[in-house]
Amino acid sequence: MFKHRGKTRTFQHNLAIASLLSFVAGMVNVVGFLSIQQLTTNVTGHFAFFMEEVLQWKLWAGFAYFLYILFFLAGSFFSNLLVEAGLRHSEKKAFLRPVLIEAGLLLIAALAGPRIIESQPNLLAYILLFSMGMQNSLVTSLSNATVRTTHLTGLFTDLGIELSQLFFYKKEEQQERLRSSIRLRLTIIGFFFLGGIAGGLPFSRVGLHILLVAVFLLLAGLLYDAIKLRVLVVQRKMKAVRQSK
């Protein structure tokens with residue numbers, strides 16, 4: 001799921017990572033809005049708020065929205081910096097650090113979030129936006145821009161285009177490609193909504209602690225990859241032993 005890149009990456013790998021990370025993003029999106037009334041998985045709305053404040057000469061308030069945008073950008077930059085540096089040493093482990101850092105940031109938000117909100121609510125927004133910038137950059141790099149998980153605008157646009165193309169591209173391979181892409185986009189949208197429900201329903205009782213579920217899912221994804229890799233290595237060794245006899 002996390003270790004495959006380029007030609008070794010399959011549709012099933014993209015489907016698995018899309019399900020996991022879009023669920024996490026949906027959870028962060030709802031929890032961020034319910035806790036501090038801010039969008040914390042994308043920056044589209046923040047551009048509008050930024051311009052509104054600037055046009056009213058509320059420059060300090062506008063600067064806060066500018067920092068929202070900047071922290072998402074910084075998360076994306078930092079994530080890919082880690083990936084590119086990691087690829088120089090081990091392609092299979094290059095994506096480990098960004099996921100661990102994202103999990104760490106969400107853990108901080110879950111445990112220290114209530115205290116942060118009391119003194120600096122914007123700081124919580126910066127943490128969540130940075131983590132989602134990291135996630136979006138990571139999955140974009142992994143899937144060669146096939147999967148994006150932190151916002152839905154582009155997904156609905158692409159989905160609409162591909163649904164319309166079903167009426168015109170009739171060859172079997174074209175239909176198969178379109179159906180696979182539509183399935184992937186519906187999966188992302190569906191799991192984003194499920195993550196929102198999973199984060200929103202218990203929020204009134206557990207608050208930001210619900211983000212511990214997101215942390216668990218990210219770590220579980222890494223563990224799944226590690227176990228799968230170990231099993232694959234063992235299978236290859238056993239096959240080599242059998243062939244040598």
Side-chain angles (χ1 to χ4, degrees), residues 1-33 39-48 72 75-76 79-80 83 91 94-95 98-99 102 106 128-129 131-201 213-214 216-218 220-222 224-225 228:
M1 182 164 53
F2 288 104
K3 64 180 180 290
H4 295 282
R5 190 169 184 254
K7 293 181 179 179
T8 64
R9 191 159 190 87
T10 66
F11 174 75
Q12 292 302 322
H13 294 142
N14 285 339
L15 200 64
I17 201 170
S19 303
L20 174 67
L21 296 186
S22 57
F23 187 92
V24 169
M27 183 172 284
V28 170
N29 184 54
V30 167
V31 170
F33 188 78
L39 304 172
T40 53
T41 60
N42 65 86
V43 297
T44 306
H46 296 313
F47 269 103
F72 190 92
S76 176
S79 178
N80 202 63
V83 168
E91 185 171 343
F95 301 92
V99 180
E102 179 186 347
L106 294 181
L128 295 180
L129 283 161
S131 68
M132 290 297 98
M134 288 193 70
Q135 176 174 302
N136 206 41
S137 174
L138 173 70
V139 74
T140 300
S141 179
L142 262 174
S143 67
N144 195 25
T146 302
V147 179
R148 298 180 190 274
T149 60
T150 62
H151 52 280
L152 301 181
T153 306
L155 280 168
F156 275 103
T157 302
D158 293 338
L159 180 61
I161 291 171
E162 289 166 349
L163 286 171
S164 72
Q165 287 176 338
L166 286 173
F167 294 99
F168 299 98
Y169 297 92
K170 299 297 185 180
K171 292 182 180 179
E172 183 57 35
E173 62 271 19
Q174 293 172 331
Q175 287 279 311
E176 182 59 33
R177 179 186 60 81
L178 285 170
R179 284 195 293 268
S180 295
S181 186
I182 289 169
R183 181 186 172 194
L184 178 63
R185 299 191 199 289
L186 288 174
T187 296
I188 297 171
I189 293 167
F191 274 89
F192 191 92
F193 278 110
L194 287 174
I197 293 170
L201 287 179
V213 174
F216 170 79
L217 290 173
L218 290 172
L222 290 177
Y224 170 80
D225 259 10
K228 241 187 134 178

For [X] versus [Y], what's the shortest heavy-atom pair and its separation?
X: L39; Y: L129; value: O-CD2, 3.9 Å
X: A214; Y: V24; value: CB-CG1, 4.0 Å
X: L20; Y: G221; value: CD2-CA, 4.1 Å
X: L106; Y: S131; value: CD2-OG, 3.8 Å
X: V147; Y: A18; value: CG1-CB, 3.9 Å
X: G45; Y: N42; value: N-OD1, 4.2 Å

Please report the interatomic distance [atom1]([X]) to [atom2]([Y]), rounded to the nearest 0.5 Å.
X: R148; Y: L155; atom1: CZ; atom2: CG; value: 9.0 Å
X: L178; Y: S164; atom1: CG; atom2: OG; value: 9.0 Å
X: L142; Y: L21; atom1: CG; atom2: CG; value: 8.5 Å

Which residues pass the side chain to side chain contact (heavy atoms under 4.5 Å, CB included) test with [X], sequence neighbours left out?
X: F11; result: L15, S180, R183, L184
X: L163; result: L159, L166, I182
X: N29; result: T41, F192

How would you list, by chain and number, every residue that makes a side chain to side chain donor-acceptor pair (under 3.5 Å) with S137, sequence neighbours excluded?
->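 None.
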
Apply side chain to side chain donor-acceptor pair (under 3.5 Å) to T149 and list each qualifying residue two or more places apart in sequence or on a separate chain.
->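 Side chain to side chain donor-acceptor pair (under 3.5 Å) check on T149 returns Q135.
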
T153 backbone acceptor or donor facing T157 side chain under 3.5 Å |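 Answer holds: yes.
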
G75 backbone acceptor or donor facing S79 side chain under 3.5 Å |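 It does not hold such a pair.
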
Are more than 12 heavy atoms from other residues, nucleotides or ligands located less than 6.0 Å from atom NZ of K170?
->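 Atom NZ in K170 is packed in, count exceeds 12.
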
So which pairs with a foot in residues 188-200 pass salt bridge (charged side-chain N to carboxylate O under 4.0 Å, His left out), sequence neighbours left out?
->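 Applying salt bridge (charged side-chain N to carboxylate O under 4.0 Å, His left out) to every pair that reaches into residues 188-200, excluding sequence neighbours, yields nothing.
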
List the steps and the verdict of side-chain contact (heavy atoms from CB on, under 4.5 Å) for M27 and V213.
-> CA-CA 9 Å; M27 183 172 284; V213 174; 4.0 Å; yes

Take F95 and D225 through the test side-chain contact (heavy atoms from CB on, under 4.5 Å) and record every step on the way to the result.
-> CA-CA 11 Å; F95 301 92; D225 259 10; over 6 Å; no

Might you work through the side-chain contact (heavy atoms from CB on, under 4.5 Å) test for L128 and M132, ending with a clear yes or no?
-> CA-CA 6 Å; L128 295 180; M132 290 297 98; 5.5 Å; no

Are the side chains of P98 and V83 in touch, meaning some heavy atoms are under 4.5 Å apart?
->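 A side-chain contact exists here, since the closest heavy-atom pair is under 4.5 Å.
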
Any residue meeting salt bridge (charged side-chain N to carboxylate O under 4.0 Å, His left out) with R179, in chain and number order, not counting sequence neighbours |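 Counting only residues at least two positions away or on another chain, R179 forms a salt bridge (charged side-chain N to carboxylate O under 4.0 Å, His left out) with E172, E176.
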
Kindly write out the residues that satisfy salt bridge (charged side-chain N to carboxylate O under 4.0 Å, His left out) with R185, not counting sequence neighbours, or none if the list is empty.
->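 Testing R185 for salt bridge (charged side-chain N to carboxylate O under 4.0 Å, His left out), a comparison that skips the adjacent residues, returns D158, E162.
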
